[in-house]
Amino acid sequence: EYRCVVIGTCPPADTSISALLTVEPPLQVIATTIGSVTSMTDTVSIPVMVIDCNGVAAISLTLDYDPVILEFIGYSNLYPDLSTGFLIVNSNDGHCIVSWASITPANVGNDTLINLDFLTHVGSTDLIWDTGTPGNCEYSDSDGNIILSEYYNGNATIDGILLDMKVFFEGPFNVTQMEPNLNPDFLPLSQPYGTTPWNYAGSESVSSFPDPDIVGWILMELRETTGDASTATDTTVIARQAGFILNDGSLVRKNGFSPLDFKLIISHNLYVVIQHRNHLAVMSASPLTETGGIYYYDFSTGAEQAYGG
């Protein structure tokens, strides 16, 4: 039994009647954190970490991110207690959804719940839990009671360079731009440069063409050298990537609008070669100019922009 004693500046002191003191256990609050990552790799695996995650029979998590920077490809490192029950992990236009339920509650404790795996592109994106939509971020016990939870956001920064290029091809050119007459019926859905003379092993492909202004596939090749264009030979190639050329001459990734990106650090002069299966290859006559990690070159301003032109 306990009593309260009140002592003031004016005597006498006063004492309450006796009472029982009941100490309640602290409320369970599950803390969920998405890891932050800085990388220059083609893929990243980002952990979802939890604290005090016990007695959980159902999980609903939704993570928002920029799909231009990250492309969801799957999950890994699933906590063993979640290997039984019903699990769905998928994505839709920048929203990654994790749903799990089981008649056997999971006791994860303080550990990694799951890793979310992504393909990467150069740039930065916040990783934000969707706590504003009811039901998108919550945990519940086996009786269906919602367990208190709090969420901590993260960030993904993918280092490298972006290529802002423009070139016109003579075949489809018509006065001011190119005609996308081969799109979509006569263009392959996968990059066509896997054979001689290109022998490019990239896996770029689409299920359908994302823009009606796509003229065709191109193969971009980067060459780095300490000298001028005459030294940018086949032996100086540092990277290649397939993408699309639009009717305005822009070269873009397979999403149809983003500039091609490479996870590279450039230390010397950078030259670009643009290859197309029905045209002669063209190389920049001078090094690309760089501003804020974006390299620029415009072949369309004059014949002198092409090496040997």
Side-chain angles (χ1 to χ4, degrees), residues 29-142 146-147 149-160 202-207 253-255 258 261 263:
V29 180
I30 300 175
T32 305
T33 301
I34 185 71
S36 290
V37 61
T38 298
S39 177
M40 196 182 278
T41 59
D42 290 333
T43 61
V44 292
S45 186
I46 305 177
V48 177
M49 298 164 287
V50 292
I51 295 176
D52 201 15
C53 184
N54 296 307
V56 174
I59 299 171
S60 176
L61 299 174
T62 300
L63 182 73
D64 296 339
Y65 57 91
D66 186 349
V68 172
I69 307 301
L70 298 178
E71 295 181 49
F72 180 75
I73 55 174
Y75 66 92
S76 57
N77 195 29
L78 183 69
Y79 192 81
D81 280 19
L82 274 60
S83 61
T84 59
F86 182 72
L87 175 68
I88 296 176
V89 184
N90 57 29
S91 69
N92 178 35
D93 194 27
H95 311 284
C96 183
I97 300 169
V98 179
S99 296
W100 175 84
S102 175
I103 59 174
T104 304
N107 294 295
V108 181
N110 305 336
D111 212 326
T112 297
L113 191 71
I114 191 174
N115 279 41
L116 303 177
D117 301 333
F118 299 90
L119 291 175
T120 64
H121 297 282
V122 173
S124 182
T125 176
D126 290 328
L127 307 173
I128 302 174
W129 295 112
D130 180 12
T131 58
T133 304
N136 274 10
C137 286
E138 67 179 26
Y139 298 82
S140 59
D141 62 21
S142 56
I146 302 300
I147 302 173
S149 55
E150 55 191 18
Y151 299 86
Y152 299 92
N153 300 326
N155 176 272
T157 298
I158 310 303
D159 293 328
S203 59
E204 293 91 342
S205 65
V206 293
S207 57
R253 274 170 35 197
K254 65 178 186 178
N255 65 5
S258 300
D261 63 286
K263 286 85 172 182

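No experiment lies behind these values; they were computed from the predicted model shown.
- Residues satisfying the ring-ring contact (aromatic ring centres under 6.0 Å, His included) criterion with Y139, sequence neighbours excluded, are absent altogether.
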Pair up each side-chain donor or acceptor in residues 58-69 with any protein partner under 3.5 Å, not counting sequence neighbours, and list the distances.
{"unit_1": "S60", "atom_1": "OG", "unit_2": "G135", "atom_2": "O", "d": "2.7"}
{"unit_1": "T62", "atom_1": "OG1", "unit_2": "N136", "atom_2": "O", "d": "3.3"}
{"unit_1": "D64", "atom_1": "OD1", "unit_2": "H95", "atom_2": "ND1", "d": "2.6"}
{"unit_1": "D66", "atom_1": "OD1", "unit_2": "V68", "atom_2": "N", "d": "2.9"}

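- For the atom pair CH2 of W100 and OG of S83, the computed distance is 9.5 Å after rounding to the nearest 0.5 Å.
- Looking at T38, its side chain never comes within 3.5 Å of a backbone N or O of D159 through a donor-acceptor pair.
- Considering only heavy atoms from C-beta on, V48 comes within 4.5 Å of I34 through its side chain.
- For G55 against N107, the heavy-atom pair with the smallest separation is N-OD1, 2.9 Å.
- Checked against ring-ring contact (aromatic ring centres under 6.0 Å, His included), Y79 has no partners two or more places apart in sequence or in another chain.
- Applying the salt bridge (Lys or Arg N to Asp or Glu O under 4.0 Å) definition to pairs two or more places apart or across chains, those involving residues 32-56 are D42-K263.
- Scanning both residues, Y152 and A31, for their nearest heavy atoms gives CE1-CB, 4.1 Å.
- In this view, S91 satisfies the side chain to side chain donor-acceptor pair (under 3.5 Å) rule with no residue, not counting sequence neighbours.
- Contact between G35 and L127 at its shortest, heavy atoms only, is O-CD1, 3.5 Å.
- The two atoms that bring G74 and F72 nearest to each other are O-CE1, 3.0 Å, heavy atoms only.
- Smallest separation of non-hydrogen atoms from G85 and S102: CA-CB, 3.9 Å.
- Just one residue in the list I88, L82, V89 forms a side-chain contact (heavy atoms from CB on, under 4.5 Å) with V98, and that residue is V89.
- Using a 4.5 Å heavy-atom cutoff, the side chains of E71 and H121 are in contact.
- Atoms CG and SG, on D111 and C53 in that order, are 10.0 Å from each other to the nearest 0.5 Å.
- Rounding to the nearest 0.5 angstrom, the gap separating the CG atom in L116 from the CD1 atom in I73 is 11.0 Å.
- Listed by chain and residue number, S45, N77 satisfy the side chain to side chain donor-acceptor pair (under 3.5 Å) test with N115 (two or more places apart in sequence, or in another chain).
- Rounding to the nearest 0.5 angstrom, the gap separating the CE atom in M49 from the CG atom in N110 is 12.0 Å.
- The distance from atom CG of D130 to atom SG of C96, rounded to the nearest 0.5 Å, is 12.0 Å.
- For the atom pair OG1 (T32) and CG (N153), the distance works out to 11.0 Å, reported to the nearest 0.5 Å.
- Residues S36 and G154 come closest through the heavy atom pair OG-CA, 3.3 Å.
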